[in-house]
Amino acid sequence: MTEREVPLEPVRPGGLGALLERRRSTRDFAPRPLSLALLSLVLRAAQGRTGDGRRTCPSAHALYPLAVTAVAGDVDGLPAGVYRYGAERDALTLVSEGDHRRRVSDTTLADRDWLPRAPVLLLISGDLEAAGRHFADQPPQGRRGERYVWLEAGHAGQNVYLQAAEAGLGAVLVAGFDDERLLGLAPAVVPPGHHPLGLIGVGHPADRRE
Ligand SMILES: Cc1cc2nc3c(=O)[nH]c(=O)nc-3n(C[C@H](O)[C@H](O)[C@H](O)COP(=O)(O)O)c2cc1C
C-alpha cells in the first residue's frame, strides 16, 4: 500500500492556537517588578484550585502530588522571600525572608547569569515517594507513580507558559539544575519530602513596552 499524506485544514486565527503560536521561552527580562496580580495568574495556572475542587492541571487519580514555590525577588506588594503556594486557600505562605533568586539560580547547570533577573522563579516540585506508594500496584511496579509526577510537572509548566503568553509575560522552564545542590540549600527552598522537577523564570520580557 502506498503512503498517502492527508493535508490538515488551515488553522483558524485566534483562540488557544494563537497563544500556542506566541509561546516562546524568554531569557531576557525587563528590570521591572511583576505585580502580585500577574503572579497570582501564573500561580493559578500552575496549580490553582478550580470551582469543583480540582486543579487547573490534570493529575493521575486527582492525587495532586505537586507543590509550587515562588522565589520572589521583585514583586510589587510582596516582600522578597520564598513562598509556598497553597491551592486550597489560593494564598502564599512565607517560608524564608529575603531574595533567594541568586542562590537558587546558582544551582542551575548553565543559567546562573541571567535567571536571577526574572522577578520571580517558580519551583515545581513533587512528592515522588507518595505517588510511588499510591500507584504501587500499577506496572512497572514502584515506578509508574513517579512517571505520573513528571508528566504533571510538564502540564504545570505548559500552563504557566500559556498564561504568561496570554498576559504578555515571558517565561522559561529551566530543568537543568543540580538536584542535590537545590535540595541542599539552607534555608530550604524545596518543600520537605519533595523532589525538584523544574524552575520557571517569569517576568516582563525585555523588549516589551507598555
Ligand atoms: C524539559 C525541558 C527542560 C528545559 N531546560 C532548560 C534549561 O535548563 N535552561 C534553559 O534556558 N531552557 C530550558 N528549556 C527551554 C528550552 O530550551 C526551549 O523550550 C527550547 O529552546 C525551545 O524554545 P521555545 O520554548 O521558545 O519554543 C527546557 C525545556 C524543556 C521542555
Side-chain angles (χ1 to χ4, degrees), residues 8 11 13-32 34 38 41-43 45-47 55-60 65-74 82 99-128 131 143-185 189-191 194-209:
L8 298 181
V11 292
L16 181 59
L19 267 187
L20 290 166
E21 183 76 24
R22 264 192 4 240
R23 181 213 60 78
R24 276 295 159 275
S25 295
T26 300
R27 297 181 184 81
D28 198 4
F29 295 98
R32 278 180 53 199
L34 194 65
L38 288 173
L41 277 182
V42 292
L43 285 168
Q47 204 53 213
R55 301 281 171 90
T56 52
C57 289
S59 177
L66 299 185
V68 183
T69 302
V71 182
D74 196 8
V82 176
D99 188 349
H100 297 263
R101 287 175 297 172
R102 182 155 295 284
R103 257 174 10 104
V104 170
S105 301
D106 278 348
T107 70
T108 67
L109 304 182
D111 305 312
R112 60 176 58 88
D113 293 340
W114 54 268
L115 191 56
R117 286 200 283 274
V120 66
L121 310 179
L122 303 184
L123 167 71
I124 311 290
S125 64
D127 191 336
L128 299 180
R143 283 168 41 216
R144 176 65 55 186
E146 179 169 331
R147 289 183 191 179
Y148 289 152
V149 179
W150 285 102
L151 286 167
E152 291 179 28
H155 285 291
Q158 179 75 344
N159 273 11
V160 170
Y161 262 111
L162 292 177
Q163 179 62 81
E166 197 268 339
L169 297 173
V172 58
L173 172 69
V174 172
F177 47 74
D178 183 325
D179 293 12
E180 296 312 317
R181 284 189 65 197
L182 191 46
L183 281 163
L185 289 179
V189 172
V190 183
H194 272 223
H195 191 84
L197 307 172
L199 287 167
I200 310 175
V202 181
H204 294 278
D207 56 354
R208 186 168 289 269
R209 299 272 179 275

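When a ligand or atom number is given, it counts from 1 through the structure's own listing order.
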Looking at D178, V189, L182, which one forms a side chain to side chain contact (heavy atoms under 4.5 Å, CB included) with P196?
->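 Result for side chain to side chain contact (heavy atoms under 4.5 Å, CB included) with P196: L182.
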Do any nitrogen or oxygen atoms of [X] come within less than 3.5 Å of a nitrogen or oxygen of ligand 1?
{"X": "V174", "result": "no"}
{"X": "D111", "result": "yes"}
{"X": "A175", "result": "yes"}

For R23, the ligand 1 atoms whose distance to one of its heavy atoms is below 4.0 Å =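 Those qualifying, in numeric order: 24 (P), 25 (O), 27 (O).
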Which of the atoms of ligand 1 are close to G176, meaning less than 4.0 Å from one of its heavy atoms?
->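 Near G176, the atoms of ligand 1 are 8 (O).
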Atom 18 (C) of ligand 1: the protein heavy-atom neighbour that sits closest, reported with distance to 0.1 Å = S25 OG, 3.5 Å
Atom 12 (N) of ligand 1 - nearest protein heavy atom and its distance |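 Checking every protein heavy atom, the shortest distance to atom 12 (N) of ligand 1 gives R27 NH2, 3.1 Å.
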Below 4.5 Å, heavy atoms only, C-beta onward: do [X] and [Y] meet side chain to side chain?
{"X": "L43", "Y": "L122", "value": "yes"}
{"X": "L199", "Y": "V104", "value": "yes"}
{"X": "H194", "Y": "T69", "value": "no"}
{"X": "I124", "Y": "E152", "value": "no"}

May I have the list of side-chain donor-acceptor pairs in residues 109-116 shorter than 3.5 Å, sequence neighbours left out?
unit_1 : atom_1 : unit_2 : atom_2 : d
R112   : NH2    : D106   : O      : 3.1
R112   : NH2    : T108   : O      : 3.1

Scan the protein's non-hydrogen atoms and note whether one is under 4.0 Å from atom 20 (C) of ligand 1.
->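 No; the ligand atom in question lacks any protein heavy-atom contact below 4.0 Å.
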Identify which of L109, L199, L173 has a heavy atom lying nearest to atom 14 (N) of ligand 1.
->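 The nearest heavy atom belongs to L173.
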Review item, side-chain donor-acceptor pairs of residues 155-177, under 3.5 Å, at least two apart:
unit_1 : atom_1 : unit_2 : atom_2 : d
N159   : ND2    : A45    : O      : 2.9
N159   : ND2    : T56    : O      : 3.1
Y161   : OH     : S25    : OG     : 2.6
Y161   : OH     : L173   : N      : 3.0
Q163   : NE2    : E166   : OE1    : 3.1

Backbone, side chain, both or neither: what part of W114 comes under 4.0 angstrom of ligand 1, heavy atoms only?
->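 Side chain only; the backbone of W114 stays clear of ligand 1.
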